[in-house]
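These notes are about the structure you will find just below.
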Amino acid sequence: MPNRPLAFVNARVVDPASGYDGPGAVIIVEGVIADVVKGAGPGSLSPDVEVVDASGGAILPGLVDIRVKTGEPGAEPKETLKSAGLAAAKGGVTSLVVQPDTHPVADDPAVVDFILRRARDIELVHVYAAGAATKGALGERMAEIGLMHEAGCVYVTDVDRPIANSKVLQRVLLYAKAFGVAVAHRPADPWLSAGAAATSGEFAARMGLPAAPAIAEKIMLERDLALAEATGARLIVDQLTTAAALESFQRARDRGVDVVATTSINHLSFNELDIGDYRTFCKLDPPLRHEDDRQAVIEAVAGGLIPVIVSAHAPAPAEDKRLPYDEAAPGAVGLETLLPALLAFHHEGRIPLIDLIRAVTCAPADLLGLSAGRLARGAPADLVLCDLAAPVVIDADKLVSKSKNSPFDGRRLQGKVLRTLVDGRTVYQA
Amino acid sequence: MTSTPPGLNEVLGRTFPFPKRHFLSVTDLNEVEVANLLDLADGFVSLNRQTAKKLDLLRGRTLMNLFFENSTRTQSSFEIAGKRLGADVVNMSPRASSISKGETLIDTAVTLNAMQPDLLVVRHASSGAASLLSQKVTCSVINAGDGQHEHPTQALLDALSMRRAFGYIAGLKVAICGDVLHSRVARSNVGMLQMLGAQVRLVGPPTLMPAQAERWGVEVFHDMKAGIAGCDVVMMLRLQLERMDGVMAPSQREYFRYFGLDREKLAKAAPHVRVMHPGPMNRGVEIDSEVADDLSVSLIQDQVEMGVAARMAVLATLAARLDNP
């Protein structure tokens with residue numbers, strides 16, 4: 001830990017938690033933000049402070065990504081906690097929540113503890129763990145939610161697998177509520193979605209791809225919302241991606257149901273046509289949607305209906321992707337591309353910068369009660385220095401993730417992380 | 001519109017550019033290329049009816065049949081086509097052999113590619129498999145059916161059968177009936193027939209119709225009698241028997257009642273109607289034997305014959321491209 005205080009001056013400081021976006025400086029002492037100067041300043045600094053002139057750059061709170069898969073334990077060739085940590089640091093992500101669909105599944109406190117200990121030893125970014133909602137994430141019997149909570153898990157989820165049995169989900173919601181644990185659930189009707197590699201419609205039909213109708217999401221969401229309303233539990237709707245489901249979600253929110261939804265950067269950035277000639281890097285779960293859906297999701301983020309954006313980082317090595325489309329593994333890596341992909345909406349003038357940054361900093365942090373995502377006096381010094389406008393061409397081969405399955409490969413974006421700090425330590429520098 | 005097909009020598013003497021290395025999808029083709037392929041195939045039909053059927057257009061070339069799904073009919077059609085043109089033909093059935101144990105499709109393809117085939121004919125159960133292979137090998141890839149996506153040589157042979165039966169294709173009313181949803185034959189035929197100016201209808205129960213099929217520029221019917229009314233061609237599709245029995249249709253007998261082609265329904269079509277089927281047929285399920293075996297309406301045997309000629313045309317065209325890269 002650097003003992004010498006550090007000051008970033010002459011920067012554009014963007015702190016959604018306090019609603020500030022303007023010139024300023026950030027001063028770090030002993031791994032904690034000692035001061036955030038808003039406006040001109042900070043005037044005179046004591047000579048032992050290391051001053052970084054960040055002219056032209058922007059200081060953001062370190063990003064918080066609450067849906068990240070690694071392969072550890074069980075599938076280390078895909079991604080380890082270390083390689084994910086390096087990717088996160090390079091992408092400006094300083095806090096991440098790993099998903100429990102590991103081998104073995106993180107459905108008991110020992111696996112949660114293993115993950116948290118490993119991450120602490122690696123000492124890169126803050127790693128939090130989500131636990132499975134049901135044993136083996138099979139959707140049949142409740143996992144040890146209380147014990148996992150005690151071991152440090154920040155929410156429970158069966159990840160990509162919807163809990164088909166309504167009674168099981170009802171019990172999980174009720175039980176988790178007693179411990180104050182949020183439950184994330186993927187809204188997808190398992191029967192309509194079985195075997196699907198795309199969204200039903202003209203494109204999938206022409207390409208001969210097994211497809212699920214977009215309403216598979218709405219159907220399951222309606223049930224989940226009803227259960228959340230009836231139990232009063234904290235439900236996180238995992239990745240809303242269709243216009244039809246958003247309409248249901250809006251109605252529930254209008255009625256006062258207290259639920260939060262996320263969406264993924266992939267569904268904001270791509271539509272089904274990006275699959276093109278069977279590009280398996282665009283095979284995702286949920287599958288890519290129609291352009292109308294993508295536009296609806298962008299509007300939902302712009303209007304605040306969806307407050308949290310995730311990278312949905314899901315490493316899959318070449319051998320799992322270089323297969324015929326319906327046999328290929330779904331998912332895309334996203335930690336390193338999250339920020340520039342997000343900034344596209346700022347550069348297009350579609351969504352104000354501060355709102356975009358909020359969706360990947362204080363909003364997810366507050367949702368899970370993490371001490372992260374803000375530039376405030378006394379907060380951990382997790383922050384990103386970046387050039388918001390620097391042009392970048394994403395080159396999948398140059399990603400530090402062990403798996404290179406990025407649908408952004410070849411995309412021209414803007415935004416480059418120059419330096420990432422976690423607890424005042426520099427974990428990445430361009 | 002009727003025209004006499006040009007002779008084989010005349011077509012072979014034509015120098016038309018075929019600027020593709022692979023034959024993957026009818027959407028890769030344009031009208032001129034299809035017309036040339038059909039003319040060439042027409043010439044091969046006459047050749048195939050002679051005693052001396054063999055040419056040496058593909059002499060020294062190796063044709064490899066790589067069928068991940070079993071298909072005696074298509075595989076032997078390609079094998080005969082290759083042999084008639086003088087190629088050495090090797091049949092690989094990865095499923096039956098040890099070559100694919102634990103290997104991915106690409107590994108298998110790269111292995112076979114190292115044996116230096118010139119033409120690789122691929123059938124695979126996954127949509128896009130042929131396209132994926134074509135990106136990884138140096139030889140020409142011919143799609144002999146990829147999942148539910150395309151079966152372009154079938155569309156070519158169907159067009160050839162229709163052109164020979166009617167003398168023209170533009171303006172023909174063609175009803176494609178049955179399990180359109182799972183049919184690569186239907187997808188390739190819709191593309192091909194629309195390019196050639198036919199009016200295409202799709203007929204089948206809603207459970208077997210692709211989403212938004214009406215946006216393909218076709219008319220969609222769920223009532224077979226209305227669907228084939230006035231049609232010049234009724235093309236039946238094969239229905240996998242396991243998809244009946246309550247999955248996609250309630251039962252075989254109910255399916256046959258509403259969507260099986262029998263004399264009664266066929267009477268709604270144009271008087272000179274011709275019936276087609278890509279085979280193998282499920283008699284009494286999608287087609288009545290009485291219709292299938294009536295040579296005055298059925299083109300089904302012709303289709304098999306045209307299959308060899310159409311595939312010879314594709315092989316010869318791709319080989320000519322190999323000769324002049």
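Numbered from 1 within each chain, the chains take letters A, B, ... in sequence-line order. Atom set for the values below is all heavy atoms of this structure, side chains included, hydrogens, waters and symmetry mates excluded.
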* Structure fact -> In short, A:Leu323 meets B:Leu132 closest at the heavy-atom pair C-CD2, 3.4 Å
* Check for a donor-acceptor pair, side chain of B:Arg187 on one end and backbone N or O of A:Ala205 on the other, with a separation under 3.5 Å. => yes
* Structure fact -> From the list A:Pro210, A:Gly208, A:Pro213, A:Ala211, the residue making the most non-hydrogen contacts under 4.5 Å with chain B is A:Gly208
* Asked: With only heavy atoms counted, which part of B:Gln135 is less than 4.5 Å from chain A, the side chain, the backbone, both or neither?
  -> side chain
* To do: Mark yes when over 12 heavy atoms from residues, nucleotides or ligands other than B:Arg73 sit less than 6.0 Å from its CZ; otherwise mark no.
  => yes
* Highest number of heavy-atom pairs under 4.5 Å with chain A: which of B:His124, B:Glu150, B:Arg184, B:Glu214? -> B:His124
* Asked: At what distance, to the nearest 0.5 angstrom, does OG of B:Ser25 lie from CZ of A:Arg206?
  -> 10.0 Å
* To do: Select one option (side chain, backbone, both, neither) describing which atoms of B:Arg215 are under 4.5 Å from chain A's heavy atoms.
  => both
* **Distance, nearest 0.5 Å, that separates CE of A:Met207 from CG of B:Asp146** => 9.0 Å
* Can you measure from NE2 (B:His149) to CG (A:Asp326) and round to the nearest 0.5 angstrom? => 12.5 Å
* **Options A:Ala197, A:Ala204, A:Gly201, ranked by heavy-atom pairs under 4.5 Å with chain B, top entry** => A:Gly201
* **Distance (rounded to the nearest 0.5 Å) between B:Asp107 CG and A:Arg322 CZ** => 11.5 Å
* Asked: Closest approach of A:Asp277 and B:Ser131, non-hydrogen atoms and distance?
  -> OD2-OG, 2.7 Å
* Are B:Ser126 and A:Tyr325 close enough that some pair of their side-chain heavy atoms sits under 4.5 Å apart? -> no
* Asked: Please walk me through it: do B:Trp216 and A:Glu202 pass side-chain contact (heavy atoms from CB on, under 4.5 Å)?
  -> CA-CA 8 Å; B:Trp216 294 3; A:Glu202 194 186 357; 4.2 Å; yes
* To do: Heavy-atom distances under 4.5 Å only: say whether B:His182 touches chain A with side chain, backbone, both or neither.
  => neither
